[in-house]
Amino acid sequence: MGALAYMTQDQQKVGAKVEEHLRGELEATAPLPFEVEAGDAGKTTVGVIAKEGLSLLFGGRGESRLFSLIFNLQQPRLFRAEFHMNRQGIGCHCGSILYSTKLSKPIKGSISLEDPKMFGSSKFVDADGADAAAKLNASKEILKAANNFARVKANIGGVDITAPRFFKIADQDGSAVLVAATLPRSYAMGFKMSTDAKEFVHLAELIEAAL
């Protein structure tokens, strides 16, 4: 697996590389269809690159979304993955990844995961005072998996990026929907990156069993 950073901004070329990466993680035997959604970064120019470089040097995020790659996946369960590709000079890197899936059990209201804590694990909070959050908080395995998954900091292609935590379970037309964002996870001494697609699927299964 590569580092999810590319020396091109061509949507189809980058999409093919991300597709290959995701297919490998999911151990899929056939290519995974994807759609491309335009971002808000605008055209890449020398002036824009210089401005973003200064932003990075002085502590800004320096992220501009060029486009998103959207996968509607069938296996190992029905779920959606959105890869947000940010400009990095004349190339790009994968920023936040948004996953979503419908759960087999309904809930009332909505549940969210607290922002990261300096010490200890964040817990689930139920906005409507129901007992669904308590069921999830009772499982150390779910809390650990959710906190590990919902990362807010990463280094991708030598660039430090941050993103707000977003992890929510909500009622949608009588069914529960899990929507969670993460950032690519580095391993192999930072030479490889994981999208944590399999981890998202496993987490969804754990939450279904607990509700």
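Each residue takes its place number in the sequence, starting with 1.
Of all non-hydrogen atoms in L113 and A146, the two that sit nearest each other are CD2-O, 3.9 Å. The two residues G91 and Q9 have their closest heavy-atom pair at O-NE2, 2.9 Å. Across every non-hydrogen atom of A133 and I111, the tightest pair is N-CD1, 3.8 Å. Residues S110 and D126 come closest through the heavy atom pair O-OD1, 3.4 Å. Here the closest non-hydrogen pair linking K198 and E25 is CD-O, 2.8 Å. Scanning both residues, M85 and C92, for their nearest heavy atoms gives CE-SG, 4.1 Å.
At a cut-off of 3.5 Å, with distance as the only test, no side-chain donor of S96 or R65 sits close to an acceptor on the other residue. A donor-acceptor pair shorter than 3.5 Å cannot be found between the side chains of T8 and D10.
Checked against the 6.0 Å centroid threshold, F79 and F71 do not count as a close aromatic pair.
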Under the side-chain contact (heavy atoms from CB on, under 4.5 Å) rule, what do L203 and F167 come out as? Steps first, then yes or no, please.
-> CA-CA 12 Å; L203 184 52; F167 193 109; 3.6 Å; yes
Apply side-chain contact (heavy atoms from CB on, under 4.5 Å) to the pair D171 and K108, showing each step before the final yes or no.
-> CA-CA 6 Å; D171 172 76; K108 295 181 180 179; over 6 Å; no
For salt bridge (Lys or Arg N to Asp or Glu O under 4.0 Å), just list the numbers for E82 and R80, CA-CA rounded to whole Å, side-chain angles, deciding distance to a tenth of an Å, and then say yes or no.
-> CA-CA 7 Å; E82 299 181 19; R80 177 184 173 99; 2.9 Å; yes
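The pair E208-R77 meets the salt-bridge criterion, since a charged nitrogen lies less than 4.0 angstrom from a carboxylate oxygen. Ion pairing of K144 with E141 is absent here, as no side-chain N (NZ or NE/NH1/NH2) approaches a carboxylate O to less than 4.0 Å. A salt bridge links R151 to D196: one of the charged nitrogens lies within less than 4.0 Å of a carboxylate oxygen.
Taken to the nearest 0.5 Å, the CG atom of L211 stands 6.0 Å off from the CD1 atom of I169. To the nearest 0.5 Å, atoms CZ (R23) and CG (L32) are separated by 6.5 Å. Note that CD1 of I207 and NZ of K135 are 13.0 Å apart. Values are rounded to the nearest 0.5 Å. Rounding to the nearest 0.5 angstrom, the gap separating the CG atom in N86 from the CZ atom in F67 is 10.0 Å. Between atom NZ of residue K168 and atom OG of residue S112 there is a gap of 7.5 Å, rounded to the nearest 0.5 Å.
In summary, of the residues considered (I97, N155, T195), a side chain to side chain contact (heavy atoms under 4.5 Å, CB included) with P184 occurs for I97 alone.
Below 30°, between 30° and 60°, or above 60°: for F149 and F200 the angle between ring planes is between 30° and 60°, a tilted geometry. Between F83 and Y99, the ring planes lie perpendicular to each other; the angle is over 60°, past the 30° to 60° tilted range.
With hydrogens and angles ignored, the 3.5 Å screen pairs no side-chain donor or acceptor of K117 with any backbone N or O of S122. Q88 places no side-chain N or O within donor-acceptor distance of the main-chain N or O of C94, the cut-off being under 3.5 Å. Within the 3.5 Å criterion, the main-chain N or O of M193 finds a donor-acceptor partner in the side chain of H21. Side chain of Q172 to main chain of V177: no donor-acceptor pair is present (N/O by atom type, distance under 3.5 Å, no hydrogens or angles).
Side-chain atoms of E199 and H202, non-hydrogen and from C-beta on, never get closer than 4.5 Å to each other. By the 4.5 Å heavy-atom criterion applied to side chains, L26 and P76 are counted as neighbours. Using a 4.5 Å heavy-atom cutoff, the side chains of L78 and L73 are not in contact. L66 places none of its side-chain heavy atoms less than 4.5 Å from the side chain of V14. Using a 4.5 Å cut-off on side-chain heavy atoms (C-beta onward), V36 and L69 make contact. Annotation: side chain of E19 is in contact with side chain of P31 (closest heavy-atom distance under 4.5 Å). The closest side-chain heavy-atom distance from I142 to F124 is below 4.5 Å. For the pair P116 and R165, the minimum side-chain heavy-atom distance is below 4.5 Å.
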